[in-house]
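Inspection log for the structure reproduced underneath, given as structure tokens.
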2 protein chains.
Amino acid sequence: MRPTVNDIAREAGVSLATVDRVLNDRPGVRAKTAEAVQEAIRRIGYVRDVAAANLARQRDYRLAFVLPDTDSQFIRTLLGALTDAGHLSAALRTDVVLRRFPAEDPHALAGILAALPEAGVVGVALMAPETPVVRDAIRSLRQKGLAIVALVSDLPNTERDHFVGIDNRAAGRTAAVLTGRFLRAGPARVMVLSDSMLLRESIERRLGFDEVMQARFPGIEVLPSLETHGQGALLHDFVGQTLARYPDIGGIYSLGSGQRALTTCLDSLGRTGQLVVIGHELTPHARTALESGAMDAVITQNVGHVVRSALRVLRAKTDRGPIDLSQEQIRIEIVIRENLPASLPPGPGTGRPEACGEI
Amino acid sequence: MRPTVNDIAREAGVSLATVDRVLNDRPGVRAKTAEAVQEAIRRIGYVRDVAAANLARQRDYRLAFVLPDTDSQFIRTLLGALTDAGHLSAALRTDVVLRRFPAEDPHALAGILAALPEAGVVGVALMAPETPVVRDAIRSLRQKGLAIVALVSDLPNTERDHFVGIDNRAAGRTAAVLTGRFLRAGPARVMVLSDSMLLRESIERRLGFDEVMQARFPGIEVLPSLETHGQGALLHDFVGQTLARYPDIGGIYSLGSGQRALTTCLDSLGRTGQLVVIGHELTPHARTALESGAMDAVITQNVGHVVRSALRVLRAKTDRGPIDLSQEQIRIEIVIRENLPASLPPGPGTGRPEACGEI
DNA sequence: GGCTCTTTGATTGACGTACGTCATTCCTGC
DNA sequence: GCAGGAATGACGTACGTCAATCAAAGAGCC
């Protein structure tokens, strides 16, 4: 039998009320008594029944996901994972709200953030670039007691509680090793494409990429990054010209998550399969590119895991409970055709959503 | 406000008792009435509060992990993940018991399995080779209503509910692609080492490996598997002789999880870093081998994820609830030095070990 | 001793669900 | 129209915790 608060009370020789005060950090208990209670808790191995506690407390976790309104494949994948997780969360008294902000408007974002406490939100998962306005908004939210996690893109100089995502510099290093080793011997050039070099992720990935390239593959010359800003035509022209100019280009590293333009471009140039192509994020398009051989490897993070981890961490933080770091660590995954995870139908849909209690 | 059973009752125009009967599949409700209740549930969007339900039901999930008593690094890692998960599980009214069986004694295993229902176990995670005795034991457990998942090593011809682990054939294919691509151009030979080719995993990995090698790297000759049976001396002699005989050996694929003997052997032969070395399972030793460059890549599954997934699935199965396949899918991870996940201290630590049963 | 002020005890009613008992109502076949 | 069984209702208790109340006991001070 699991020990309960009653057992603590008996064991410590105090009343239930006192145990409750100790358990919930309420005032009105002498230090000595509190210690005796703690000791009893330790002795009998009491573990608070969170379920019962939440039931009694009538607690509902109202959590917000704040994402840019960009319509990229990656964001779409993230949203998919979010809706899936939403179904499960219902069983955990968690209520997820979604907020989108204009990608280039930090002030709009700050406004949205500021409005969250009014809406009863107790935790926020935020994917946004770090700007002074955002820093201030986060500080203000923290002061109001909200938990904040940075999602995918870290906000290291803010007071966020936690970061859910990967080390992009290490991701860049990983990409470099794969590029270097997949290229057959001999000197070569590698092109680097990016949506925008203003994003912290892109910069970090490029940094890690160069780091490894210089150290381990001195024979490979890495060209400057091209910023495509999502413009397929620009990319097409640039890639065509560069390939024509440097016949010894052996690989392309795509820093961002938009692989579609690149693969169609290579296709139209008739170069599919001839170059080592490595990119980021396992979007549906990247998946087909891997299957067809148009891409050689994708460096990715498990979006479902990212979302669930953010939810777990936010719940834990609002409860001031512990988090299991080993579970919350997001891995830098290398995906090639051979270890492509099976693609699954989108979410539980009709199934009885209850009974899937998992953190 | 979240709708409750009372709301269903009101909405459907029936009593609480009837709602309860419908919700819990109890007899005594006309099909028509049941349908009306279901309809009401759908209409008001009722989600059962599993926490409250489990509280009321006094349900405790008593789950058993049944593992061979082998003292390999992999098993040790698995046990570590299990203790970690045990601490968390205490909060989910889950009580994990551990049973070890003599690795080569299927009858002892059957005995242990048969004794589980007596011990109040309602779900079993089993890692064992498939033998007729085991098949029978599993069938008998299923008939008694226990949920069974196969762990790491599948039991496809049994009545297990679920398999938690990776597709080893795909893992072998992945290893082959990495080996082939990491080897610089030109013909070469590859050695294959294995603890025992009797294990289903080894066979499947080898199959996948050969598949890809033949199709995509015809210039590479793969030598027959050597079974080392955990004997370092045997391995040492064989590797030494083979390397001497075939100077064009470019890589070694180690099918099993024991990498220590291999790397020390290569070290003593002065060949560390000269060959492409690829193995399985991210044990502490594999980790240092990656860091030092003694190994080039490790194909692995996230053991923490495996354990947590097994627990989730077992809980869901005993509740006859749905499982979120996308969350339960175990990925075939490729780990190289650059994307090595940070190693973390072993678990929450402070908790009392009694909280996790016999672990 | 009389006065606050703090600490502790005792008790109670939720929270949403399960599950049992017992009584009542509804069908169905004759 | 009636018996007999099936279907449904009404109700109570329990689960472990929270939160609030009120009373009692103790400590510190003049």
Side-chain angles (χ1 to χ4, degrees), chain A residues 1-38 40-41 44-61 90-94 318-321 352-355 357, chain B residues 1-38 40-41 44-61 90-95 318-321:
Chain A
M1 274 307 287
R2 242 177 101 125
T4 76
V5 276
N6 290 286
D7 301 321
I8 305 179
R10 196 173 355 94
E11 187 74 15
V14 300
S15 79
L16 255 180
T18 305
V19 173
D20 183 63
R21 289 190 258 261
V22 173
L23 277 177
N24 297 295
D25 285 324
R26 266 188 278 277
V29 180
R30 229 179 327 174
K32 216 186 72 191
T33 317
E35 181 43 46
V37 172
Q38 294 288 6
I41 289 177
I44 66 175
Y46 167 80
V47 186
R48 184 199 227 113
D49 186 328
V50 210
N54 283 345
L55 180 60
R57 209 192 303 244
Q58 272 281 74
R59 179 200 276 310
D60 273 324
Y61 302 91
L92 295 161
R93 1 193 86 247
T94 301
T318 50
D319 286 344
R320 287 209 204 70
R352 305 191 316 175
E354 79 266 45
Chain B
M1 275 307 289
R2 249 174 95 123
T4 75
V5 276
N6 290 287
D7 301 321
I8 305 179
R10 196 172 355 93
E11 187 75 16
V14 300
S15 79
L16 253 180
T18 304
V19 173
D20 183 66
R21 290 190 256 261
V22 172
L23 278 177
N24 297 294
D25 287 324
R26 265 188 279 276
V29 181
R30 231 177 326 169
K32 214 186 73 193
T33 317
E35 182 41 48
V37 173
Q38 295 287 6
I41 290 178
I44 66 178
Y46 167 81
V47 186
R48 184 201 227 114
D49 186 330
V50 213
N54 282 345
L55 182 62
R57 208 193 303 245
Q58 272 280 76
R59 179 200 276 310
D60 273 323
Y61 303 91
L92 295 162
R93 2 193 86 248
T94 302
D95 173 21
T318 49
D319 287 343
R320 287 210 203 72

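Convention: sequence-line order gives letters A, B, ...; per-chain numbering from 1.
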Below 3.5 Å is the cut-off: list the nitrogen or oxygen pairs between protein and nucleotides 3-6 of chain C, distance only.
none

Original post:
Rounded to the nearest 0.5 Å, how far apart are CG of A:L55 and CG of B:N54?
Top reply: 11.5 Å
Original post:
Of all residues at least two apart in sequence or in a different chain, which pass the salt bridge (Lys or Arg N to Asp or Glu O under 4.0 Å) check with B:R57?
Top reply: none
**OP:** With sequence neighbours excluded, tell me which residues meet salt bridge (Lys or Arg N to Asp or Glu O under 4.0 Å) with B:R30.
**Re:** none
Original post:
Can you check side-chain contact (heavy atoms from CB on, under 4.5 Å) on A:I41 and A:R48, steps first, answer last?
Top reply: CA-CA 10 Å; A:I41 289 177; A:R48 184 199 227 113; over 6 Å; no
Where do [X] and [Y] come nearest, in terms of heavy atoms and distance?
X	Y	value
A:A34	A:V29	N-CG1, 3.6 Å
B:G45	B:P3	O-CG, 3.6 Å
A:R26	A:D20	NH2-OD2, 2.6 Å

Original post:
Is any side-chain N or O of B:T18 closer than 4.0 Å to OP1 or OP2 of D:dG9?
Top reply: yes
**OP:** Start with the C-alpha distance between B:L23 and B:Y46, add both sets of side-chain angles, then the distance that settles side-chain contact (heavy atoms from CB on, under 4.5 Å), and finish with yes or no.
**Re:** CA-CA 11 Å; B:L23 278 177; B:Y46 167 81; 4.0 Å; yes
Original post:
Reading nucleotides 14-28 of chain C from the 5' end, what letters show protein touch, with B for base, S for backbone sugar-phosphate only, - for no heavy atom under 4.0 Å?
Top reply: -BBBSB-------S-
Original post:
Bend angle of the helix from C:dG1-D:dC30 to C:dC30-D:dG1 from five-pair axes at both ends, rounded to 10°?
Top reply: 20°
Just list the side-chain donor-acceptor pairs under 3.5 Å for residues 9-17 of chain A, sequence neighbours left out, or say none.
from, atom 1, to, atom 2, distance (Å)
A:R10, NH2, A:D7, OD1, 2.5
A:E11, OE2, A:R43, NE, 2.9
A:E11, OE2, A:R43, NH2, 3.2
A:S15, OG, A:A17, N, 3.3
A:S15, OG, A:T18, N, 3.4
A:S15, OG, A:T18, OG1, 3.4

